[in-house]
Every structure is written in C-alpha cells, then in structure tokens.
Trainee: 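First, the structure itself, so that you have it in front of you.
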Protein chains: 2
Amino acid sequence: METFAFVCYNFHLLMDFKADDRVSGKVTIKDIAAKAGVGIGTVSRVLNNSPNVKDSTREEVLRIAKELNYVPNGAARMLVRQSHSTATVGLLLPVVENQFFFELIKHIHACLKNHQFNIMIFSTDHGHESVVHHIIEQRLTAVLTLGDPPLTAAEQEILNFHKIPFLYVDYHDADSSYITYDSVKGSVMAADYLISRQCKKIMMIGLTDRSQQQIDRFQGFRRRAEETGGIHVSELCINSEEECYDISLSLLNDQSLDGIFYFSDTLAYGGIQARMECGRDVSIIGYDDIFPSKFMKLSTIRQSAEILGTRAAEMVIEMVRQREDGEEKQLLQTVLQPEIIDRNS
Amino acid sequence: METFAFVCYNFHLLMDFKADDRVSGKVTIKDIAAKAGVGIGTVSRVLNNSPNVKDSTREEVLRIAKELNYVPNGAARMLVRQSHSTATVGLLLPVVENQFFFELIKHIHACLKNHQFNIMIFSTDHGHESVVHHIIEQRLTAVLTLGDPPLTAAEQEILNFHKIPFLYVDYHDADSSYITYDSVKGSVMAADYLISRQCKKIMMIGLTDRSQQQIDRFQGFRRRAEETGGIHVSELCINSEEECYDISLSLLNDQSLDGIFYFSDTLAYGGIQARMECGRDVSIIGYDDIFPSKFMKLSTIRQSAEILGTRAAEMVIEMVRQREDGEEKQLLQTVLQPEIIDRNS
DNA sequence: CTGAAAGCGCTTACAG
DNA sequence: CTGAAAGCGCTTACAG
C-alpha cells in the first residue's frame with residue numbers, strides 16, 4: 001500500500017528562543033499590570049473593552065499586551081464566567097464513515113460557523129460513555145449525534161442533567177429531538193421504481209452494519225413488494241464497498257435476477273460496471289444521489305446533505321437559544337422527504 | 001431547493017426538573033465533601049485515583065459523586081494543571097472543501113483518535129488571525145492546516161511563542177513543517193500520459209482558486225509540454241464542478257483539441273460524459289483517483305488520502321512528543337509521490 | 001490517611 | 001477612572 005510513497009525527511013535545527021523568562025509563553029495579566037504600573041483589574045477591564053478606562057491607560061495596556069504576545073487563558077476565563085468565549089458543539093461520529101456523512105459534516109460546519117459556533121469531533125468507537133463525560137467536563141454547548149448508535153439512557157440523563165441539548169441527525173427516536181430523512185419512504189420509492197420496470201426477482205444490497213436506517217430500508221422495500229405481490233425479494237449484506245463489484249458479478253450469474261436495489265450510490269457503481277460487462281438486462285437503483293451518479297446514469301433516491309446538515313445546525317442553534325432564554329425544553333423533530341431521480345437505469 | 005422537504009414539528013412539553021438546587025447541574029467537590037463529611041482535598045484525591053485514601057472513604061465519596069451526577073469542571077482542572085485532560089488538535093480548513101479533503105480529515109481523525117487526541121475544526125474563511133488566537137486561548141495541543149492559505153508570519157510567530165506545533169498538510173513551505181504530495185511531479189506524469197497518446201492540443205482545467213497546488217500543476221504540466229515541443233497547451237479555470245460538463249461540451253466543439261487534463265476526477269466526470277455524447281476522440285486524464293473513477297474508466301493521478309492523512313497525524317504526534325520531551329524543535333518535511341493510473345481514457 | 005490552605009489566571013462588584 | 005479583594009472549582013504540597 002505504501003510502497004510507492006517516497007518519503008524525504010529534512011531536518012533543520014532551529015535557534016532556541018532567547019533566554020528571557022517572560023518569553024516562555026505564559027504571560028498573564030499580572031505581567032502586563034506590573035509593566036504598565038496599574039492593577040490587574042484595570043488590565044482586565046481594558047482587555048474586556050470596559051468603557052470605564054482612561055484612554056491613555058487603555059492604549060498603554062494594549063501596547064504592552066501586544067508587545068508581550070499576551071493571549072488570555074481560556075480556562076481561567078471560563079472558570080469565572082461559567083461559559084466559553086466561543087460556543088462549541090460536539091459532533092459524535094460512528095465508526096462507519098460514509099461519503100454522505102462527510103457531506104453532512106461540511107454543511108453542518110458551514111452553517112454553525114456562520115453563527116459563531118465551533119465544532120469538536122468525537123468518535124463513538126469505544127462506546128461514548130467517556131465521550132459524553134468529556135463533553136460535559138469541557139462544558140460544550142450542545143451535542144449532535146450522527147447516525148447510529150443512539151445515546152444510552154444513562155448518557156441522555158447526564159446530558160439532560162447538565163442541560164446540554166442533544167440532537168440526533170439521520171436517526172429517529174420518538175422521545176428525543178432528531179432530524180432525519182424518511183428511509184422507509186425512500187425505499188418504498190425504490191420498490192415502486194423497480195416494480196414499474198416489471199422486476200420480479202429483486203436483490204437488496206446493503207452493508208453489514210445493522211443501523212436503524214438499514215433496517216428501515218429493508219422494511220419499506222419489503223412491505224411494498226409484498227403489497228404488490230408476485231415479487232421475490234432477497235437481502236444481502238456485504239462488508240465493504242470495494243467488494244461490491246465482484247459480488248454483483250457473481251449475482252448476475254442468476255439469469256432470473258432482474259432488479260437490484262443498492263443502499264448507496266457508491267455500492268451501485270460496482271453494480272453498474274458489472275452489469276455492463278455481463279451485458280445483462282437488469283434494473284438498478286441506488287440511494288443518495290451523490291455527484292458522480294448523474295454521469296453514471298444511475299437512478300437513485302436523492303437526499304440532500306446540504307438540507308439535512310443546514311437544518312440540523314439550525315435546529316441545534318434553536319435548542320441552544322431556548323435553553324439560554326430559559327424556556328422549557330421542547331422536542332424538535334423533523335422528517336425530510338427523499339425524492340426519486342429516474343435516470344432509466 | 002427545499003420545496004420537496006416536508007417538515008413536521010412535534011412539540012412535547014417536558015417536566016421541569018424537580019426544584020432541588022443541587023439538581024441544577026453545578027455540583028462541585030464541595031457538595032460531595034459536605035455530603036460525605038470529609039474535606040475537599042480528600043474528594044479530589046479520590047477522584048484522581050490517589051492511592052493514599054482509606055478504602056471506605058473512597059467508596060463513600062465515589063458513591064456520592066455518582067449519586068450527584070458529578071462531572072469535574074474541566075476549566076478548573078486545566079487552570080491548575082495547565083493542560084487539558086485530553087489533548088486536542090486544531091484543524092484549520094480553507095473555504096473550498098473538496099472531496100479529497102474530507103477523505104483526508106477522515107484518516108487524520110482515525111489516526112489521531114487512536115492516540116487519544118480529539119479534533120477541533122476551524123474555518124479560515126475570514127482570515128485565521130482570530131482563529132489562531134482562539135486556539136492559543138484554549139491551549140490546544142497542536143495545529144494542522146489543510147491546503148491554502150498558509151499561516152501568516154504573525155500567526156506563525158504567535159504559535160511558536162506559545163510553543164504550539166503546527167503542520168501544513170497538502171501545502172509546502174521550506175521554512176515550516178509540512179506533508180504534501182508532489183503536485184509538480186503528478187502533473188508531469190499527466191503530461192507524459194497525454195503526450196504518449198500523441199496529443200498536440202491540450203487544455204488544462206482547474207478551479208478558480210489560485211492555490212499553490214493549482215499553480216504547481218499548471219507549471220509542471222507546461223514545463224514538460226515545452227520540453228517535448230510541438231504541443232499547444234491552454235489553461236482554463238472554472239468556478240464550480242457543476243458547470244464542468246457544459247464547459248467541456250463547448251470546448252469539444254474545437255475539433256483540433258485532442259487532450260484534456262482535469263485537476264480533479266470530479267471535474268473529469270463531466271468531461272467523460274461530454275466526450276461520450278460528442279463521440280469525439282479526445283484523451284482525458286483526471287487527478288486524485290477517488291472511488292468512482294475506476295468505474296468511470298478514467299485515467300488519473302492517484303494520491304492516497306489515507307496515506308497523507310495517516311502520515312500527517314503521525315507527524316503531528318511526533319511534534320507534540322518532541323515538545324513534551326523538551327527536545328529542540330525540528331522541521332519535519334515529507335513529500336509523497338503520486339502514481340499514474342492508466343485506464344486508457 | 002486526611003484537613004486546611006495556597007494558588008492556578010481571570011472577572012467583577014466594592015469602595016474610593 | 002482605578003486598586004484591592006473575593007471568588008470561580010480544582011489540585012497539591014504541607015502539616016499533622
């Protein structure tokens with residue numbers, strides 16, 4: 001994997017900083033106060049733009065602060081103010097990080113930063129108990145959870161206790177705030193598409209994570225197929241997107257198979273390729289409508305990462321506002337509707 | 001854009017917490033100490049796993065802490081310990097966030113979290129002066145900058161002053177630590193590819209950001225074309241990936257055009273499609289080798305987000321280690337070599 | 001094994 | 001307009 005990577009390490013030795021002890025990077029308002037010949041209170045007032053300071057004093061303090069490369073200690077500030085200077089939202093990511101999630105993060109981030117929020121990313125790999133703890137310890141403003149797994153009851157309780165709002169994104173739970181696309185509806189659309197193309201023997205292909213979304217899609221599709229009748233539906237869960245091409249090839253040996261529903265466009269690309277090579281007449285539909293699908297001529301179920309991400313950000317901002325205004329906590333629940341994109345595949 | 005999104009808001013009113021003032025979420029070690037009938041020092045010792053505590057005391061304190069939903073105040077801890085309990089690396093992202101960067105972030109994150117680091121994401125949209133300030137205020141452990149723009153001299157100075165290591169990713173600067181793929185070499189490979197296919201009139205298509213990478217690619221390609229001689233090369237910068245299909249279509253009206261070098265695979269997809277519709281015999285090469293390119297049969301220059309991201313994370317970890325061990329600051333510079341993938345496009 | 005006390009760097013009434 | 005002082009929540013010698 002790395003054989004073609006030629007690496008060149010290039011070492012320079014840098015001069016040490018000159019031996020002045022105030023140069024160690026720990027300048028405090030005390031240092032500034034001493035140098036300016038004023039009290040630390042005055043320094044603090046200047047630094048916080050308090051109006052009650054003589055102009056000459058202000059300028060002198062500011063000059064010295066800059067000269068000393070002073071940067072306030074966020075921890076000390078936070079300790080006394082009980083809140084961050086910049087609000088930070090924690091983003092909990094699951095292990096499996098698909099393409100769609102990254103689009104999502106991009107838009108969540110874009111919207112949040114417009115509202116002066118920062119984002120901090122955490123993995124839920126090893127269970128998120130400790131992550132939630134860390135979030136509270138750092139007094140983050142809010143929490144967004146992407147996809148599965150949901151928060152445990154204990155985690156929810158401790159977040160509630162500390163009045164930190166949390167929002168599920170791409171997951172639904174009747175008792176929590178969430179925003180999600182309707183996966184059941186999306187897979188019903190996929191079923192209708194294949195049914196309209198007279199498919200009688202259909203394979204659904206997803207990944208091996210037993211996510212809520214995956215389950216919803218299997219269900220929605222199967223239900224619609226059963227309502228219609230006379231259709232044979234199978235399910236297949238594979239381990240990675242990479243192997244989808246090979247697996248599709250062997251599936252296509254079954255000459256009676258006439259429809260495939262891939263749970264993501266990325267999976268479907270391998271299928272499109274395999275179908276072309278076999279010259280088989282099989283209908284294919286994907287899910288997501290990511291950028292290349294247009295050029296792959298892939299029919300698919302579109303869900304917009306931009307809308308989901310932006311909305312999610314707006315919802316969390318609203319939740320934060322509610323808390324700050326001391327309003328009672330309300331559940332916010334949003335269900336977005338996917339859309340079918342017919343490219344005759 | 002949002003017309004098809006049906007939104008359903010669902011309001012529940014939740015019970016307020018019972019009116020007990022210790023339930024407000026601000027439990028401190030003082031509360032625990034009082035309830036346990038010990039001093040706060042003892043509580044602190046228990047919470048920090050100090051060995052010098054009687055077992056019975058320890059258990060009692062732990063029990064009460066849990067009962068009270070106690071979570072330590074990170075700011076207070078940090079103030080006295082002068083460092084975070086969990087190291088956090090700041091990631092500076094530019095405005096234009098392409099697909100490749102998200103792959104990159106994914107792998108940086110994966111590697112960093114394995115080493116118990118958190119990631120905090122910042123945008124450099126509005127110039128990063130204030131961002132750097134914020135990073136220092138929060139005493140982050142290190143900084144990664146993705147792509148352009150680089151840090152200003154002032155920003156570098158203040159980071160150095162506060163001894164916060166920083167690393168450029170996908171950018172090179174002789175006086176700083178960085179890791180990047182060799183874009184000049186990559187575009188020379190692209191040139192060689194088109195030249196080997198007898199192209200005489202070639203168009204290079206990139207985006208309108210004047211990034212270092214973009215400039216390197218124009219340069220490398222042009223240089224090799226000039227060395228070869230008898231080749232006509234033009235450059236075109238477009239505003240978005242979406243419009244690349246239309247633009248390619250009109251470019252292909254020029255019947256003498258026989259080669260196109262797209263600066264990203266995403267751009268090239270539109271070109272492949274346009275070429276097919278025109279039935280023109282034009283050689284196309286992309287850049288990145290993202291997943292779908294294999295199925296688009298697109299020749300391209302491969303650079304691995306996994307290697308770049310993982311290496312970047314390892315480098316930053318090494319830089320942090322060096323600082324913690326009090327070693328002299330060294331520059332770490334890594335150049336990775338891209339690879340041509342010939343799919344006969 | 002444990003309590004009392006100092007101190008981390010800052011903000012903010014309070015009293016001039 | 002400004003200084004001295006209290007206090008945010010925690011850790012850690014210090015003295016028992």
Trainee: What nucleotide, of D:dG9, D:dC1, C:dT2, holds the atom closest to the side chain of A:Asn52?
Mentor: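 Selected nucleotide: D:dC1.
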
Trainee: Name the pairing partner of D:dA4, where a pair is Watson-Crick or G-U wobble with both distances under 3.5 Å, or state none.
Mentor: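 Matched D:dA4 with nothing under the 3.5 Å cut-off.
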
Trainee: Nearest-Å distance, CG (A:Asn49) to C1' (C:dT12)?
Mentor: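 Atom-to-atom, A:Asn49 to C:dT12, this comes out as 16 Å.
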
Trainee: Which listed nucleotide (D:dC10, D:dT11, C:dT11) is nearest to the side chain of A:Asn48?
Mentor: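 Per side-chain heavy atoms of A:Asn48, the pick is C:dT11.
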
Trainee: Taking only the side-chain heavy atoms of B:Val80 (C-beta and beyond), determine which of C:dA4, C:dC8, D:dG7 contains the nearest atom.
Mentor: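 That would be C:dC8.
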
Trainee: Rounded off to whole Å, could you give me the NZ-to-P distance for the B:Lys26 and D:dC8 pair?
Mentor: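 Nearest whole value for this atom pair: 10 Å.
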
Trainee: Between C:dT12 atom P and A:Arg81 atom CZ, what is the distance in whole Å?
Mentor: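 Interatomic distance, CZ of A:Arg81 to P of C:dT12: 7 Å.
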
Trainee: Could B:Arg321 and B:Glu318 be called an ion pair, given the rule that one side-chain N must be under 4.0 Å from one carboxylate O?
Mentor: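 Yes.
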
Trainee: From the options D:dT12, C:dG9, C:dC14, select the nucleotide whose nearest atom is closest to the side chain of A:Arg45.
Mentor: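 Of all the options, the side chain of A:Arg45 is nearest to C:dC14.
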
Trainee: When you compare C:dG16 with C:dT12, how far apart are their C1' atoms, in angstrom units rounded to a whole number?
Mentor: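 Their C1' atoms lie roughly 16 Å apart.
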
Trainee: Looking only at heavy atoms, which two atoms of B:Leu308 and B:Val169 are closest? And how far apart?
Mentor: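 Residues B:Leu308 and B:Val169, closest heavy atoms: CG-CG1, 4.2 Å.
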
Trainee: With a 3.5 angstrom cut-off on both distances, give the Watson-Crick or G-U wobble partner of C:dA13, or none if there isn't one.
Mentor: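 Pairing partner, where one exists within any strand: none, as none qualifies.
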
Trainee: For A:Ile32 and D:dT2, give me the distance from atom CD1 to atom C1', rounded to whole Å.
Mentor: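 It is 17 Å, rounded to the nearest whole Å.
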
Trainee: Apply the test side-chain contact (heavy atoms from CB on, under 4.5 Å) to residues B:Ile136 and B:Arg139: give CA-CA distance (whole Å), side-chain angles for both, the deciding distance (0.1 Å), then the verdict.
Mentor: CA-CA 5 Å; B:Ile136 294 168; B:Arg139 302 294 188 262; 3.9 Å; yes

Trainee: Round to a whole Å and report the spacing from CD of A:Glu60 to C1' of D:dC1.
Mentor: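 My rounded result for the distance is 16 Å.
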
Trainee: Rounded to the nearest angstrom, tell me the gap between atom NZ in B:Lys30 and atom C1' in C:dA5.
Mentor: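 Taking NZ of B:Lys30 and C1' of C:dA5, I get 13 Å after rounding.
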
Trainee: Tell me whether the side-chain N/O atoms of B:Arg77 come closer than 4.0 Å to OP1 or OP2 in D:dT11.
Mentor: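 Yes, such a contact exists.
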
Trainee: Write down the distance separating the P atoms in C:dA13 and C:dG9, rounded off to the nearest Å.
Mentor: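 Each nucleotide's P atom is 23 Å from the other's.
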
Trainee: Could you measure between the two P atoms, the one in D:dC14 and the one in D:dC10, and give it in whole Å?
Mentor: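 My reading of the P atoms in D:dC14 and D:dC10 gives 23 Å.
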
Trainee: If you check the A:Lys54 side chain, which of D:dT2, D:dC10, C:dT11 turns out closest?
Mentor: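 Given the options D:dT2, D:dC10, C:dT11, the side chain of A:Lys54 is closest to D:dT2.
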
Trainee: Can you see which heavy atom on A:Thr88 is nearest to which on A:Ile119, and at what distance?
Mentor: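 Shortest heavy-atom separation between A:Thr88 and A:Ile119 comes out as CG2-C, 4.3 Å.
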
Trainee: When we call it a touch if two heavy atoms are under 4.0 Å apart, what does A:Thr57 touch: a base, just sugar-phosphate, or nothing?
Mentor: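 Here A:Thr57 touches the backbone only, sparing every base.
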
Trainee: Between A:His107 (side chain) and A:Ala312 (backbone), is there a donor-acceptor pair under 3.5 Å?
Mentor: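 Not at all, since once roles are kept as given, no pair shorter than 3.5 Å links the two residues.
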
Trainee: Check whether any side-chain heavy atom of A:Thr145 lies under 4.5 Å from a side-chain heavy atom of A:Tyr171, and answer yes or no.
Mentor: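 When only atoms from C-beta onward are counted, A:Tyr171 and A:Thr145 do not touch, as no gap falls below 4.5 Å.
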
Trainee: Could you tell me whether B:Ile40 contacts a base, only the sugar-phosphate backbone, or nothing, with contacts defined as non-hydrogen atoms closer than 4.0 Å?
Mentor: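 The answer is base, as B:Ile40 lies within the cut-off (heavy atoms under 4.0 Å) of a base atom.
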
Trainee: Tell me the interatomic distance from A:Met78, atom CE, to D:dG7, atom C1', rounded to whole angstroms.
Mentor: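 In whole Å, D:dG7 C1' and A:Met78 CE are 17 Å from each other.
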
Trainee: A:Ser44 side chain: which of C:dT11, C:dC10, C:dA5 is closest?
Mentor: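 The listed nucleotide nearest to A:Ser44's side chain is C:dT11.
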
Trainee: Using the closest heavy atom to pick a nucleotide of DNA chain D for each, name whichever of A:Asp55 or B:Val43 lands nearer the 5' end.
Mentor: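 Checking each residue's closest nucleotide, the 5'-ward one belongs to A:Asp55.
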
Trainee: What is the distance, rounded to the nearest whole Å, between atom CD of A:Glu59 and atom P of D:dC1?
Mentor: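 Nearest whole value for this atom pair: 13 Å.
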
